[in-house]
Amino acid sequence: MAANPTPALAAAAPRIKRWRAFATLCLALLLAAGAAPPCRAQAGAPASEEAVKAAYLLKLRNYVEWPPAALAAQGGKLVIGVIGGDEVAGRLLELAAARADARLVVRRLRAGEALDGVAIVFIDDAHWRKAGATLALARASPVLVVSESAGALDGGSIINFRIVDERIRFEISLANAEHSGLKLSSGLLALAVAVVRK
Amino acid sequence: MKHKQKAGPGAVRRHSRQFRGGVAVRLVAGLIALGLIAPALAAQTGDPEDLASLSLEELANMRVTSVSKRAESLGDAAASIYVISSESIRRAGVATVPEALRLAPNLQVARVDARNYAVTARGFNSPFENKLLVLIDGRSVYTPLFSGVFWDAQDVVLADVERIEVISGPGATLWGANAVNGVINIITKSAGATQGLLAGAGFDREMRSGVLRYGGALGGGGRYRVYAKALQGDDLPREGLATPSLTGWRRSQLGFRADWGSAEDLFTVQGDAYAGALHQQGTADIRIGGANLLARKSQRLASGQELTAQVYLDHTERNQPLAFIEHLDTLDLQLQSAMTPFERHRLVVGAGYRVANDSLQNGAGFAFLPAEEKLHWGNVFVEDEIDLNDQLRLVAGVKFEHNNYTGTEFLPTLRLAYKPTGASLLWGALSRTVRAPSRIDRDLYSPSQPAVVAGVPQFAIGGGPGFQSEVAEVAELGYRVQALPALSLSATAFVSRYQRLRTLEPSPNGVGSVFANLASGRNKGVEMWGSWQAGAALRLDAGLVAQRVDTALDARSRDASGATGLATSDPSHYWSLRAALDIADGHSIDLMYRRYGKLDRPAVPAYGSLDLNYIWRLRPSLEFSVQGSNLLTARHVEFGGVPGRILYERKLGARLVWRR
């Protein structure tokens, strides 16, 4: 640039002053943050609903027993089908990619699609009202139906997520589980906020 | 340390180097100090991997934030919709809302100067573009002066944005008139998701910003947050001129949000207040200011019906020397009910009313007359979503909107969605929508006090007494698929036919010109984007829009100016490529390359820009990031003619964010 450096400096002086102020502010923040005790990972921002539900879906396989015929049909894989639930499916896909676990398969399903080989199907709230066909298919087969809609247990769901006191809890219908030939462990039942046995 | 200004180039050089060394030393010292306090690099909270390692009991104790459930999962939406996630915004390291909008592949974002942007979808871009509806948490931020957005007056705490939904195409039934080419819906996080302290400061060679936010609990199970932020931007250099453009600015804003309840029964109150000063060529600063207050209640009844009611008040002031002083007060009420009255039908009905008092003190050059005007918009709408069978869904909707200029407008839409598998969706849509007149179309007169000859005021521009709404009829066809677990793609082809576009015609009384609707236009194009999770640590996103915008004057038109928005300046294509890479635990880098085709009137060459953001998570609570903009070339231009258009130069910036 051909401009005279002195006017450039004069023009830059207020900018330089502002840079100094900001650098000092950043430094102050750094030192303050450094001096503060480190936060525990969980004391920070709360998790999203979908992330917790995805984690639950993954954990359920340890608390549910499928009949031998169903295990054979699943072929050693754990197939989690998701109807709607874009966010939950996304989180599950992230988990599957991160774990590089070839036995974990996440499938996006549409209502009424066949459930061959599917171990768990999650139906999100927006699709619950359309899920009649899927529930009919799941009722007669060993598929764990998980939902997040009020009154879903009456509609055929086995595990229904509920938000209690800002936490994701769940209610269980043992009757629907037995009808599908699934056994749920006592550890799972103990954590449920409600268990419907009839 | 005192800095003495001495004359002479030698002394100047010494002075600058000394200073630069001073700042660098201080920053490095601070970082070393941190290193000595042994930062623990922990993974992100809420990371799926983190949560999956928790026990069932711990999961059951994990506090979550209540988000209101969306009626329709976005994967099923029969519309061209892109969602900018909060994670994308964080990783991109953007500092202002328009810069965050660059992350949407279906938006055309052209920076006009230090504070002004021309943002649109599907063509017809200009700083006064008027075919896009922009909302922040349900509050419309467009100005009835010209049906557009003063981007220099809109701000949110970007770290507290939950998502930005960008719908390209007519959003008429749910969103109303002015959602002609698209809707941008900026949604902030609920107060429950923004608890604790957040403090951030950032700077680059042209802008400095600081934000402070605190969130806590309220009685009755509620949560709140309050924030304050301040930004300052410099005047930027101009092409072909020695002096910088006087479009620097400073703005400060504070606000709050409070939420009570759960997804079944939510009540929200939020508000903001801002003030700012904007540089303007040849005059004192433009002063802006405003405040708004919004309350929203949504409830899910036992029958499954969802009711939502929202009311907001908005006060805006803009004092533009030699132009006008505007005071605008708006009151807006909306009611909406979503229900399933019969099997296979999901019905959404709603009604809304907005009234605004626009009060102007006009300058000499031009005037909005009458200076004080009451504007109102009322609407009712119905939308039915019908499941024809397991795979086919039909959406039929209509909105009737009444405004004080043109009376009742009819906005219908028909959409069909075919879902062959859970992972794919084919959809088509036909819609009619309008851009209702704004004050610039009807009430603009120039000069303010014309000479009067034989009882006839000699206006050069005499308003637009007969100006009607512009009309758009749009046909769209789209396909969305999750091709592989790690690959998702979306494509939309569209044809939009515009009629009654604004022109400047000779006035019927023989003196000067008036605004009329004697032009038509068409935009044909395709929007595509895709996302590929290439590995555990790498995600690639790509987007492309190719379009052809044509306009033509009606046979009766004698429009000669081309200054009314008819002369479009849209690129025939624009694309972007983004890579989000996790380098190591606590280190991530985001790169974005965007390329815009050339513009015609005025001519702007095609340009490409590579931006990067490198984030170093020093501790779970402390993030330090370095931003680089326009890294490949020394400078580029985006909008405007020579001489005088702004040069955007290569620049580096840094930001520090502390969360507690």
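The analysis underlying the following values was restricted to heavy atoms, covering all of them including side chains, and did not include hydrogens, waters or symmetry mates. A note on names: the letters A, B, ... follow the listed sequences, proteins ahead of strands, and every chain is numbered from 1.
Interatomic distance, CE of Met62(B) versus OG of Ser48(A), reported as 9.5 Å (0.5 Å rounding). Of the inter-residue distances, the one linking Leu54(B) atom CG with Tyr56(A) atom OH reads 10.0 Å to the nearest 0.5 angstrom. In this structure, CG on Leu109(A) lies 9.0 Å from OG1 on Thr421(B), to the nearest 0.5 angstrom. Atom CZ of residue Arg129(A) and atom CZ of residue Arg344(B) lie 10.5 Å apart, to the nearest 0.5 angstrom.
For Val106(A), no part lies near chain B; criterion is any non-hydrogen pair under 4.5 Å. Within the 4.5 angstrom heavy-atom criterion, only side-chain atoms of Leu58(A), from C-beta onward, approach chain B. Proximity to chain B is absent for every atom of Ala54(A), based on heavy atoms less than 4.5 angstrom apart. Proximity to chain A (any heavy atom under 4.5 Å) is shown, for Asp390(B), by both the backbone and the side chain. Only the backbone of Ser55(B) comes within contact range of chain A, with at least one heavy atom under 4.5 Å from a heavy atom of that chain. Contact annotation for Glu57(B): both backbone and side-chain heavy atoms come within less than 4.5 Å of a heavy atom of chain A.
With respect to chain A, the highest number of heavy-atom pairs below 4.5 Å among Pro485(B), Gly215(B), Ala536(B), Ala302(B) belongs to Pro485(B). Interface summary for chain A: among Glu343(B), Gln533(B), Gln391(B), the most heavy-atom pairs under 4.5 angstrom belong to Gln391(B).
Not one N or O on the side chain of Arg110(A) forms a donor-acceptor pair closer than 3.5 Å with the backbone of Ala423(B). Between the side chain of Glu113(A) and the backbone N or O of Gly422(B) there is at least one donor-acceptor pair closer than 3.5 Å. With Arg167(A) contributing its side chain and Asn61(B) its backbone, the two residues share a donor-acceptor pair below 3.5 Å. Looking at Lys59(A), its side chain never comes within 3.5 Å of a backbone N or O of Leu59(B) through a donor-acceptor pair.
Using a 4.0 Å cut-off between a side-chain N of Lys or Arg and a carboxylate O of Asp or Glu, Arg539(B) and Glu94(A) do not qualify as a salt bridge. No salt bridge links Glu49(A) with Arg63(B); every basic N to acidic carboxylate O contact stays at or beyond 4.0 Å. Taking the charged nitrogens against the carboxylate oxygens, Lys130(A) and Asp76(B) have no contact shorter than 4.0 Å, which rules out a salt bridge.
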Problem - Worked check of salt bridge (Lys or Arg N to Asp or Glu O under 4.0 Å) between Arg91(A) and Glu87(B) - result: CA-CA 13 Å; Arg91(A) 298 290 185 156; Glu87(B) 188 63 3; over 6 Å; no
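Taking all atoms of both residues into account, the shortest heavy-atom contact from Leu191(A) to Ala60(B) is CD2-CB, 4.5 Å.
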